[in-house]
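These values consider heavy atoms only, across backbone and side chains, with no hydrogens, waters or symmetry-generated copies. To find a chain, count down the sequence lines: A is the first, B the second, and so on, and within it residues start at 1.
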Amino acid sequence: MSKKENISNGVKYEAQKIEKKWQAIWNKIGINKTSEDNKKSKFYCLDMFPYPSGEGLHVGHMRGYTYSDVIARKRLMEGYNVLHPMGWDAFGLPAENYALKTGVHPRISTEKNISIIKEQLKNAGYLYDWQKEVNTSQPEYYKWTQWLFLQFYKKGLAYKKMALVNWCPSCQTVLANEQVKDGKCERCCSEITKKELNQWFLKITQYADRLIEDLDLVDWPEKVKIMQRNWIGRSYGVEFEMPILDEKGGQKEEVIRVYTTRVDTVFGMTYAVLSPEHPLVESLTAESRKKEVEEYIKQAKEKTEIERMSEEKEKTGVFTGAYALNPFNQKQVPVYIGDYVLAEYGTGAIMAVPAHDQRDYFFAEKHSLEIIEVIKSEDGRSTIENGAFEEDGVLIESEKFNGLSSERAQEEMTKWLEDKGIGFGTKKYKLRDWLISRQRYWGVPIPIIYCEHCGEIPVLESDLPLVLPEIEDFKPLGEKSPLAKAEKFVKTKCPKCGAEAKRETDTMDTFVDSAWYYLRYVDPKNSEEIFEKKKIKYWLPTDLYVGGIEHAVLHLLYARFFSKIMFDLGIIEFEEPFLKLFNQGMIYRNGEKMSKSKGNVVNPNEFFIKYGADTMRLYELFMSPPEQDAEWQDRGVIGVYRFLNKVWDLVSQQLATNNQRPNLEIEKLRHQTIKKVSEDIEKFKFNTMIACLMEYVNKLTTYNLQLTTHDLEILILLLAPLAPHLSEELWHQLKGLPEEKTIFEEKWPDYNPDLIIDETIELIIQINSKVRDKMEIKINISEEEVKKMVLEREKIKKWLENREIKKIIYINNRLINIVAN
RNA sequence: GCCGCGGUGGUGGAAUUGGUAUACACGCAAGACUUAAAAUCUUGUGACCGCAAGGUCUUGAGGGUUCAAGUCCCUCCCGCGGCACCA
């Protein structure tokens, strides 16, 4: 019988039909429901929850969800108690902007979007437990966001202060540092300006060291760890003070405090610079210079971030008229104001050493200031002719510190300052406190009340949730949120004295909502407390977290920070929320990021009708290594679709046969396949895992009627996490099981290590490292025997005619290399 | 500028960590089936030389280490990502 005749006798693979069928059955029998059986080992498999955008999801969004679903389903088969939840990061600007345009309330549009996306996720066959769903915009959820805020407030970790903050003129709100990219708003790409405003902050800087150090405890991509370390930006240096002299040489009361990481260059200081916002600027500026200084400060303030950055090389500044005294040599240096010194970093003032800092070098050249070389490299490479020499070296022109290495000098000089009581070794961070207030409507109201008599008073916990009022007009009001116009909301009584009082009208950054959502999943309906501790103790921390790299320093840093605070407050018992992190790459199509505005999205719903969800899942897994960006190729999809059809035909065919005699060669291949697939899946090497399954199927096809049912069972089990619908259907066809028996209750197959070993191998025979021959040999035969056999081969003899063998290298079970002249 | 990742056929990509480069798949070509097309199946497919057997070359470029380099070292080129006046 020819192969073709066999294949044609079955029913055709109709993806959509079987997918709908099994999704309904799974829903009915509840395999996606999280078991409360706490005796089993748990596996908490988490996806970064989506923002419910009106555009729905495209296949690019589904890449990461597919990966986590594969792992979740495999864990189920391994007998774990699996928690795989999904929810909605539902507050945020897009819904509000949409409301501004259409008048549709954000709550309405968000609800609608959620139902659309939920349907898409269900159609893709993801195994989410929808009973655990959370929605950050619902009072039942944000009651606890507010409650957390109050706990932080009580400990002084949430506070309000005047600060120079990032302002997006288009979104009309302030932004956290993390939300500014290249001087532009991360959302709308408008140029950011700076404003001095009274704003709410969370004290993330207090956790800087722990946020760095605990990165060593988690299994995260090194890239993300590096990004977080760089963002926190810890540096070690010295802070010291310098007395100030006025124009006429009289000593002032104030001192300038500077921070430097290169105190070894201090004898090269030829001036000092304060940032334009430095508090000493006014008292320090000489009468004769006042006008010039004020003008400069005004100009500096008006610059956008972009303007400041574009002038990177041009260092502007003005002389204040005052002088500072270098404590090391009592030298007087002029004090300047320059906007290349940042107010928010270090002390907002620097000692300038043009010989050994390129920025100072530019400034000194422009303002004709002295350049004194005080560091020499030992090999004489150092020169300051064309710019600063910024490397470490040996000190010169530095009095008693001459001849010391940079490193030694830093130690000695720090000690000298400490002994004199005018300085100390310290460390600084680039990280700033997290600015969480937003002047927008669609967010969590900050639960604070201002009373004329009592001042700033937190809302009582018993009054939570403080519900976001339904208002008609969402238009931003500039420095105030639209809530300021909702009189009923604003007017309240002071919880302490009962007098008339006003509410805070800013809302919270949506990243606050998402900084703790993974904790709420374990107990989403609890109205008594944020969650039951017992449940947290069982499920947390999460075992796997899958999502995009774009949150490397935003959400992921904030979530770690929240865990640490909550640990300190005794709310949870762990500090790192995500044990293993996986970042999927982005999907491109026609060379561009997949997005509705580019018109290059592949709509999952249409795709499901044409090929089925299993094909999409398999293609996403097969197209490239999962951490890499990948180009979606419409033509490439057909390959995995053919593969699924092949599997279908193979099994349909087998149903008609019923061979019971195992074939040893297939048996070996089967065990090898189980091993490779099981290992690859754990290493997230989904693409090679599928290649391996394809090879297995290709081989099975050639063996045709010699297959046993068991050969196919293994295939279906291995395929189950990847293409769950097809596998479930074929499993039932093969085993004749009732509907409520699911393949996901079956055990993930084991392999027998003894059975995967090949008894013979193909030995590679090289002469002078070039492959000249191959030979089938039994494994583990002695080197002597192999050599003898090889040298007796006609082909080899020919190659070695008139040549002298110098050396023979033998690698057991792999190759032999004959080195000859 | 600093930090990180990458560069392999026409395309997506594989390569047990130094041991047969190009697995698997797409595409393409030829053939089978068909009135025809699609689908499916079979065969071939890195480049060059050759009727063939076979040979030579090939992992961004150039050097080096080694019996052996896609893999290790040095220099350089290109692409992507992060940070960016952080003293």
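The shortest distance between the side-chain N/O atoms of A:Arg642 and the OP1/OP2 oxygens of B:C24 is not below 4.0 Å. The shortest distance between the side-chain N/O atoms of A:Asn698 and the OP1/OP2 oxygens of B:A25 is below 4.0 Å. When the side-chain nitrogen and oxygen atoms of A:Thr688 are compared with OP1 and OP2 of B:C24, none of them lie within a distance under 4.0 Å. Contact annotation: A:Lys807 side-chain N/O to B:C67 OP1/OP2 distance is under 4.0 Å.
When the nucleotides B:A87, B:C57, B:U20 are ranked by their closest atom to the side chain of A:Val771, B:U20 comes out on top. The A:Lys646 side chain lies nearest to B:C41 when the options are B:C41, B:C83, B:G19. If you check B:G19, B:G27, B:G81 against the side chain of A:Lys223, the one that comes closest is B:G81. Among the nucleotides B:G12, B:C26, B:C67, the one closest to the side chain of A:Phe622 is B:G12. Taking every side-chain heavy atom of A:Tyr340 into account, B:C85 is the closest of B:C83, B:G19, B:C85. When the nucleotides B:C67, B:G19, B:C57 are ranked by their closest atom to the side chain of A:Gln766, B:G19 comes out on top. In this structure, the nucleotide among B:A87, B:C3, B:G19 sitting nearest to the side chain of A:Ile226 is B:C3. Among B:C83, B:G55, B:C24, the nucleotide with an atom closest to any side-chain atom of A:Lys430 is B:C83. Residue A:Trp799 has its side chain nearest to B:G55 when only B:C85, B:U11, B:G55 are considered. Distance from the side chain of A:Gln633 is smallest to B:U11 among B:G19, B:U11, B:C3.
Nucleic acid contact for A:Val341: base, since at least one base atom lies under 4.0 Å from a heavy atom of the residue. In this structure, A:Arg229 reaches neither bases nor backbone, as no heavy-atom distance under 4.0 Å exists between it and the strands shown. Contact annotation for A:Glu222: no contact, since no heavy-atom pair falls under 4.0 Å across all strands. No contact: A:Lys428 has no heavy atom under 4.0 Å from any strand. Residue-level contact check: A:Asn687 touches the backbone only, with heavy atoms under 4.0 Å from sugar-phosphate atoms and none from bases. Using a 4.0 Å heavy-atom cutoff across all strands shown, A:Arg635 reaches sugar-phosphate atoms only and no base atom. A:Lys181 comes within contact range of the sugar-phosphate backbone alone, with a heavy-atom separation under 4.0 Å but no base atom that close. Counting any heavy atom pair closer than 4.0 Å across all strands shown, A:Lys675 reaches no nucleic acid atom. A:Glu695 comes within 4.0 angstrom of the backbone, heavy atoms only, and of no base.
Taking the six-membered ring where the residue is Trp, the centroids of A:Tyr259 and A:Phe240 are separated by 6.0 Å or more. A:Phe684 and A:Phe686 have their aromatic ring centers within a separation under 6.0 angstrom. Between A:Tyr619 and A:Tyr641, the ring centre distance reaches or exceeds 6.0 Å.
Of the listed residues (A:Val697, A:Asp614, A:Val647), just one forms a side chain to side chain contact (heavy atoms under 4.5 Å, CB included) with A:Leu719, and that residue is A:Val647.
Taking the P atoms as reference points, B:A52 lies 34 Å from B:A14, given to the whole Å. Using atom P as the reference point in both B:G60 and B:U71, the two lie 8 Å apart (nearest Å). Atom P of B:C73 sits at a distance of 15 Å from the matching atom of B:G7, rounded to the whole Å. For the C1' atoms, the distance linking B:C72 with B:G18 amounts to 8 Å, nearest Å. Here, B:U65 and B:A47 have their P atoms 33 Å apart, quoted to the whole Å. Separation of the P atoms belonging to B:A15 and B:U8 is 15 Å when rounded to the nearest angstrom. The separation of B:C74 from B:U58, taken at their C1' atoms, amounts to 23 Å, rounded to a whole angstrom. Spacing of C1' atoms, B:C2 relative to B:G9, comes out at 36 Å, to the nearest Å.
When rounded to the nearest whole Å, the span between NZ of A:Lys685 and P of B:A23 equals 16 Å. Between A:Arg63 atom CZ and B:G12 atom C1' the separation is 11 Å, expressed in whole Å. Spacing between atom CG of A:Asn817 and atom P of B:G18 amounts to 18 Å, rounded to whole angstrom units. At whole-Å resolution of the value, CG in A:Leu431 and P in B:A84 are 12 Å apart. As a whole-Å value, the separation of A:Tyr588 OH from B:G81 P is 6 Å. Atom CG in A:Asp649 sits roughly 16 Å away from atom P in B:A39 (whole-Å rounding). Regarding A:Asp392, its CG atom lies at a distance of 14 Å from the P atom of B:A87, rounded to whole Å. Here B:A87 presents its P atom at 23 Å from OH of A:Tyr336, a figure rounded to the nearest Å.
Relative to the six-membered ring of A:Tyr810, A:Lys787 misses at least one condition, a distance below 6.0 Å or an angle of at most 45° to the axis.
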Quick test: give all pairs of protein nitrogen or oxygen and nucleotides 62-65 of chain B nitrogen or oxygen below 3.5 Å, distance rounded to 0.1 Å.
none

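Glycosidic conformation at B:U66 (O4'-C1'-N9-C4 for purines, O4'-C1'-N1-C2 for pyrimidines): anti, more than 90° from 0. By the rule that a glycosidic angle within 90° of 0 means syn, B:G9 counts as syn.
In the model, A:Gln228 has a side-chain atom that pairs as donor or acceptor with a side-chain atom of A:Arg560 under 3.5 Å. A donor atom on one side chain and an acceptor atom on the other are not found under 3.5 Å apart for A:Trp434 and A:Glu178.
For the pair A:Trp231 and A:Ile638, nearest-nucleotide mapping onto RNA chain B gives the more 5' position to A:Ile638. The residue among A:Val637 and A:Tyr619 whose nearest nucleotide of RNA chain B is located toward the 5' end is A:Tyr619.
The neighbour count for A:Lys301 NZ, taken as heavy atoms of other residues, nucleotides or ligands under 6.0 Å away, does not exceed 12. No more than 12 heavy atoms of other residues, nucleotides or ligands lie within 6.0 Å of NZ in A:Lys675, so this atom counts as exposed by the packing criterion.
Applying the side-chain contact (heavy atoms from CB on, under 4.5 Å) test to A:Lys807 and every residue at least two apart in sequence or in another chain returns A:Ile809, A:Val819.
In a base pair of the Watson-Crick type (N1 to N3 plus N6-O4 or O6-N4) or a G-U wobble (N1-O2 and O6-N3), with each distance short of 3.5 Å, B:U71 is matched with no nucleotide. Nucleotide B:C83: paired with B:G1 (Watson-Crick or G-U wobble, both distances less than 3.5 Å). When Watson-Crick and G-U wobble pairs are counted only if both distances are under 3.5 Å, B:C41 pairs with B:G31. In this structure B:U22 sits in no base pair that meets the Watson-Crick or G-U test at under 3.5 Å. When both pairing distances are held under 3.5 Å, B:U16 makes no Watson-Crick or G-U pair with any nucleotide shown.
Classified by interplanar angle (parallel below 30°, tilted 30° to 60°, perpendicular above 60°), the ring pair A:His551/A:His555 is perpendicular.
Using a 4.0 Å cut-off between a side-chain N of Lys or Arg and a carboxylate O of Asp or Glu, A:Glu222 and A:Arg229 qualify as a salt bridge.
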